[in-house]
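This report refers to the structure that appears directly beneath it.
In what follows, chains are A, B, ... by sequence order, proteins preceding strands, each numbered from 1.
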Amino acid sequence: MNIRKFLEEKTRKHLEKLGVENPPLIKTASRPEHGHYQANGIMAAAKEKGLNPRELAKEVVSSIETEESSDSFNLEIAGPGFINITISKAWINQILSIISKDVRLGVSTQKRKKFLTDYSSPNLAKEMHIGHLRSTTIGDACSRILEFLGHQVIRTNHVGDWGSQFGSLLAYMNKLSKEEIALASELKDLENFYRKASQLWREDQKFADEARKFVVKLQSKDPECLELWSKFIEESMKHCQAVYDQLNISLKQEHVVAESFYNEKLESIVKDLTEKNLIAISDGAKCVFLEEWVGKDGEPTPAIIQKSDGGFPYITTDLAAARHRSQELNIDEALYFVDARQTLHFRQLFHIALKAGFTRKDQSFRHIPNGIILSKEGKPYKTRQGGAVKLAEVLKESISRAKSLVSDKNSALSEQEQIIIAEIVGIGAIKYAELSKNRNTDYVFDWEKMLSFEGNTAPYLQYAYTRIKGILNKSKRSNEKLSSDFSLQDPYEIQLALKLAQFTEAVESVVEDYQPNLLCNYLFELSQFFMTFYENCPVNTAEERIKISRLNLCDLTGRVLKKGLELLGIEVLDRM
RNA sequence: GCGCUGGUAGCUCAGCUGGAUAGAGCAUCUGGCUACGAACCAGAAGGUCGGGGGUUCGACUCCCUCCCAGCGCGCCA
């Protein structure tokens, strides 16, 4: 039950009856004095029709009131032509009673589509760093939400497992095994491994030559080289999976479709483009020239499909992937959760793919960009040594901070329990910090801020949840099935109840433009309303009828909080 | 040079297809724990929404222009 949409449709119907096509534009009221919802569209409609806005509002209101004769809501004309809508207590109680019996908590499903979500996609030559956090958490949350809304979601981890950067890594592996140094322990710290390899590449001429040979060997599928390569890939993938598991990211091994998967298809991409007369040769490279974009010289920008040395750049792999997703997987919508710096690349990619017939017009291929992480100085974030900050380190730090906070606040808990709590709180805090910000803007990485456990953070929401559990436990009714009777009267109860009824609005709003921060905002406001209710409305000491109603309200709040956080990939706790 | 982002309170950020007096959190100040858990609550203070034009009943939101910052623009991914 989406109250906003219900009111929108109702008002629209009556506007049409009056010969007005414009949408009523129902929104949640900007301030409490204006009721719960407000219609903003009457003024614009009146203007277009040359009518007096207040008169039109009056006509709409009387049309609704005479025909609907509903005691669900009250309408009031205000200001230059707003219609303020107040939902009746009776209706709110009724709605809560319905959604409390619903496992979906009032969230309806959408028309089922086949989605593909491409996110995380780390380069396996390096260890995952903090920069991967955004694509990974945002893509994962959106995948969960799309699924919850009834869509089919094909998660895809387009990992980078191919390219010249593997030359020096393989050469270094080869060197180590010749020197009989145990590979396993060296590979434990991939970042260090990568650093050593690239240092050798820069400083040792012989090693650099060896590395180049390995690139050629890899491309020509030399069996020994492939064996080394797959050993490295396997090890690196293990690192990633460990991070996903710890971060509660739903990506699994089965979602990996690596770049190398498309190796055999690249020739045919060039062939197809050539047959469509889209290829031009420039300085020995096969290019698609795009009139739509001009470069520094004012000339059309070429997208290089095959380099003059015969190699394929990554746009060719991406074209092959797009074709595969369109033709083999037959998806309706593909969402690429990738860094905003690649915006131009994706525009060109989708443009060429469509032009070449690799994708269809009725399919949607979209880049969902995210900002990058900056230091306090506003520069891209790096360690003091200039390296990337390991994601695993960030998680470790967060959990350790959560641990000391837990033992500080609640030392009565056993050590074992504290460790479990610290894990959930620490991971939740990091993910929520990412998800609660507008994905589009860059943001400043700051240990203090990122790992803060106060205010609009995951721990605040988790804490609200434990308070609810505390009440339910104390009531001794937590095990027995709660009824769905609501007799809410108090303004604090009504405020919270209406918010609960708006859960579906919040979930649906996320997928309009893939902004999980909207769900975060909702959950935070919900928790704030709960805290206010908690301070003002005693539950367990109230008289029986009110007590039951309030217990139900608490229970439903807990379920919505849990579900909402689950959609963001964050867990809750009974105690913390 | 062209293009894409962004500029909102001291800091970090919301602000939903233009709507009523621009909102949170952090930090600061004041009050509230013999407790349905104070990781909390109540309150105070804090703003010429980068500057300037324009569109209209109404602009943080749309248009123009300028300033500032970041990113991108043929053989890295």
Assign [X] to base, sugar-phosphate, or nothing according to its heavy-atom contacts below 4.0 angstrom with the strands shown.
X: Lys296(A); result: base
X: Arg31(A); result: base
X: Asp309(A); result: nothing

(message) So Val159(A) and Cys240(A), do their side chains get closer than 4.5 Å, heavy atoms only?
(response)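 Contact flag for Cys240(A)/Val159(A) side chains = no.
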(message) In the structure I gave you, are the side-chain heavy atoms of Ser135(A) and Asn370(A) within less than 4.5 Å of one another anywhere?
(response)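 Counting from C-beta outward, Ser135(A) and Asn370(A) do come under 4.5 Å.
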Enumerate donor-acceptor pairs with a distance under 3.5 Å from any side-chain N or O in residues 421-432 of chain A to protein atoms, sequence neighbours excluded.
residue: Glu423(A); atom: OE2; partner: Gln246(A); partner atom: NE2; Å: 3.4
residue: Lys431(A); atom: NZ; partner: Leu247(A); partner atom: O; Å: 2.9
residue: Lys431(A); atom: NZ; partner: Asn248(A); partner atom: O; Å: 3.0
residue: Lys431(A); atom: NZ; partner: Gly569(A); partner atom: O; Å: 2.8
residue: Tyr432(A); atom: OH; partner: Asn456(A); partner atom: OD1; Å: 2.6
residue: Tyr432(A); atom: OH; partner: Cys520(A); partner atom: O; Å: 3.2

(request) Considering only atom C1', compute the distance from U17(B) to C73(B) and round it to an integer number of Å. (result)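 These two C1' atoms come out 32 Å apart once rounded.
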(request) Write down the distance separating the P atoms in A77(B) and A69(B), rounded off to the nearest Å. (result)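 That atom pair is separated by 32 Å.
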(request) State whether Glu508(A) and Lys5(A) are salt-bridged, where the test is any N-O pair (Lys NZ or Arg NE/NH1/NH2 against Asp/Glu carboxylate O) under 4.0 Å. (result)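 Judged by the 4.0 Å cut-off on N to carboxylate O distance, Glu508(A) and Lys5(A) do form a salt bridge.
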(request) Could you tell me whether a side-chain N or O of Gln418(A) sits under 3.5 Å from a main-chain N or O of Leu413(A), the two making a donor and an acceptor? (result)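 Side chain of Gln418(A) to backbone of Leu413(A): a pair is present.
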(message) Using only atom types and a distance under 3.5 Å, with no angle test, would you say the side chain of Thr343(A) pairs donor to acceptor with the backbone of Ala340(A)?
(response)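 Answer holds: yes.
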(message) Ring centroids only, cut at 6.0 angstrom: are His345(A) and Tyr314(A) within range, meaning strictly under it?
(response)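 Ring centroids of His345(A) and Tyr314(A) are less than 6.0 Å from each other.
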In whole Å, what is the span from the [atom1] atom of [X] to the [atom2] atom of [N]?
X: Lys47(A); N: G58(B); atom1: NZ; atom2: C1'; value: 9 Å
X: Asn438(A); N: U12(B); atom1: CG; atom2: C1'; value: 13 Å
X: Arg341(A); N: C71(B); atom1: CZ; atom2: C1'; value: 8 Å
X: Tyr522(A); N: C16(B); atom1: OH; atom2: C1'; value: 16 Å

(message) Please list, in numerical order, the residues of residues 130-138 of chain A that have a heavy atom closer than 4.0 Å to any atom of RNA chain B.
(response)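 Under 4.0 Å from RNA chain B: no residue of residues 130-138 of chain A.
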(message) With the threshold set at under 4.0 Å for non-hydrogen atoms, list the residues of residues 160-170 of chain A touching RNA chain B in residue-number order.
(response)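 Listed by number, there are none.
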(request) Using only heavy-atom distances, determine whether the side chains of Asn2(A) and Thr504(A) contain a donor-acceptor pair under 3.5 Å. (result)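 No, because no side-chain N or O of Asn2(A) sits under 3.5 Å from a partner of the opposite role on Thr504(A).
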(request) Could you let me know what A39(B) is paired to, Watson-Crick or G-U wobble, both distances under 3.5 Å, or none if it's on its own? (result)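 Paired with no nucleotide.
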(message) Quick test of the criterion, 5.5 Å between centres and less than 30° between planes. Is Phe524(A) stacked on A24(B) or not?
(response)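 Taking the rule of under 5.5 Å and under 30°, the ring of Phe524(A) does not stack on A24(B).
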(request) State the syn/anti category of G15(B) according to its glycosidic angle, syn meaning within 90° of 0. (result)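 This nucleotide is in anti.
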